[in-house]
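Accompanying notes for the structure given below.
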Amino acid sequence: MKVKKAVIPAAGLGTRFLPATKAQPKEMLPIVDTPTIQYIVEEAVESGIEDLIIITGRHKRAIEDHFDKNIELEMALERKQKLEMLEQIKDISSLINVHYVRQKEAKGLGHAILCAKTFIGNEPFAVLLGDDIVKAKKPVTKQLIEAFEEKQSTVIGVQKVKDENVSKYGIVEYSKNNGDLYKVDGLVEKPELKDAPSNIAILGRYIITPEIFNILESTPPGKGSEIQLTDALVELMDKEDIYAQVFSGKRYDIGNKLGFLEATIEFALDREDIGGPFREYLYSLLQQELPSLEEIATSKSN
Ligand code: UTP
């Protein structure tokens, strides 16, 4: 079966990015001038996805407005003859047909996916986390769809992470692999390094078969008292094989302050319009003496 639908869960509370996320969605935080979630929607479109549902929550209206038409703004830009900008704005609202459903309470990623059950129906679907951007030559979702087309079974996007980061992710247990495609034997959500079966981590992209919905309906809250998608995937393994595909591309976790800063700098350096002057600025900054780690620690304690 072909993968034509995708779910973007974007209803989380974004507590790692407070206070910025108190009244605005973290998925709308801009990387240079483009909201994070727009990069993700573009990845879905470039991967051949035809129908998209975004799981939203309270304080997430800005996401719906962003992908909607803004007639007033379009008229103002036309009046001012800012035609390039006008086209940009129109392009966003015509990217793809976007649907929305509200997750009434942030009960975890598994619960957010369950909210898409009626929309997805009985077909395999892609999941792209709303706060994970991947810069890749071939869109990651497309890479995973190709693996799915070969295996006709659930495929999770993974990459190796450093030991100190293992406890932040769902981790894959495996015994067999064929190049970059691993046959999954087990999954553990956010294990301590000493208990982790590998350092291969689930990083925000999945192609999942619809059987997951029946499982999610009875998945109890797990780590962090949230309904975990990883726990439901473990149960799905009793019914079908699950594969983990190491994708190529650089992934940025925008929900984390450091990940957001890294993405901002690297995306800005790549930009035709501001890349040059920004490179010069960074270069001149590095010529100056940066504060030492001790100085940073002292200013924090003052
Ligand atoms: P995260 O765990 O990164 O999001 O979930 P969070 O809960 O907003 O983050 P912190 O830890 O409080 O800072 C990954 C993705 O799943 C969505 C989030 O919006 C994010 O895109 N999510 C998470 C939901 O849609 N609903 C939930 O209940 C939890």
Side-chain angles (χ1 to χ4, degrees), residues 6-31 35-44 52-64 66-67 98-117 119-120 125-134 140-141 156-158 161 165-171 187-191 201-206 208 212-213 216-217 219-233 251-263:
V7 181
I8 301 183
L13 299 176
T15 50
R16 285 170 298 156
F17 225 118
L18 282 167
T21 47
K22 186 177 170 216
Q24 64 168 336
K26 68 173 163 183
E27 295 79 9
M28 286 300 292
L29 290 172
I31 305 301
T36 300
I37 198 161
Q38 189 179 322
Y39 291 100
I40 296 164
V41 170
E42 284 169 358
E43 178 189 322
L52 189 63
I53 190 160
I54 301 181
I55 316 296
T56 66
R58 242 168 293 140
H59 303 312
K60 303 278 181 171
R61 266 272 324 263
I63 297 178
E64 294 181 38
H66 185 70
F67 293 106
V98 187
H99 307 258
Y100 301 91
V101 65
R102 271 201 178 207
Q103 184 188 18
K104 294 198 177 71
E105 223 182 301
K107 290 189 195 166
L109 177 59
H111 182 257
I113 302 290
L114 184 57
C115 296
K117 181 181 174 183
F119 172 80
I120 297 293
F125 61 100
V127 174
L128 299 86
L129 294 197
D131 58 353
D132 261 340
I133 297 184
V134 187
V140 180
T141 298
I156 311 171
V158 296
V161 296
N165 290 329
V166 157
S167 62
K168 296 181 191 158
Y169 301 103
I171 298 291
L187 296 166
V188 199
E189 184 62 25
K190 303 191 174 88
I202 308 175
L203 294 182
R205 298 290 186 272
Y206 313 72
I208 309 180
I212 199 77
F213 293 118
L216 280 169
E217 267 166 355
T219 304
K223 197 106 191 182
S225 305
E226 293 192 337
I227 297 173
Q228 298 288 353
L229 178 60
T230 308
D231 294 344
L233 288 169
R251 174 252 184 193
Y252 304 87
D253 176 7
I254 307 300
N256 153 333
K257 287 168 200 162
L258 201 56
F260 172 79
L261 288 173
E262 286 169 9

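Both ligands and their constituent atoms are indexed starting at 1 by order of listing.
- The salt bridge (charged side-chain N to carboxylate O under 4.0 Å, His left out) check on R102 picks up nothing, with sequence neighbours excluded.
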Under 3.5 Å donor-acceptor pairs involving side-chain atoms of residues 106-117, not counting sequence neighbours:
from	atom 1	to	atom 2	distance (Å)
H111	ND1	Q103	NE2	2.9
K117	NZ	E217	OE2	2.9

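- Annotation: side chain of V134 is not in contact with side chain of Y39 (no heavy-atom distance under 4.5 Å).
- In this structure, the side chains of I37 and K60 stay at 4.5 Å or more apart for every pair of heavy atoms.
- Partner of L187 under the side-chain contact (heavy atoms from CB on, under 4.5 Å) criterion, chosen from L229, I171, D231, T230: T230.
- Scanning for side-chain contact (heavy atoms from CB on, under 4.5 Å) contacts around V98 gives L52, I54, F67, I96, Y100, with sequence neighbours left out.
- A heavy-atom cutoff of 4.0 Å around ligand 1 is satisfied by the protein residues P9, A10, A11, G12, L13, G14, T15, R16, K26, E27, Q103, A106, K107, G108, L109, A112, L129, G130, D131.
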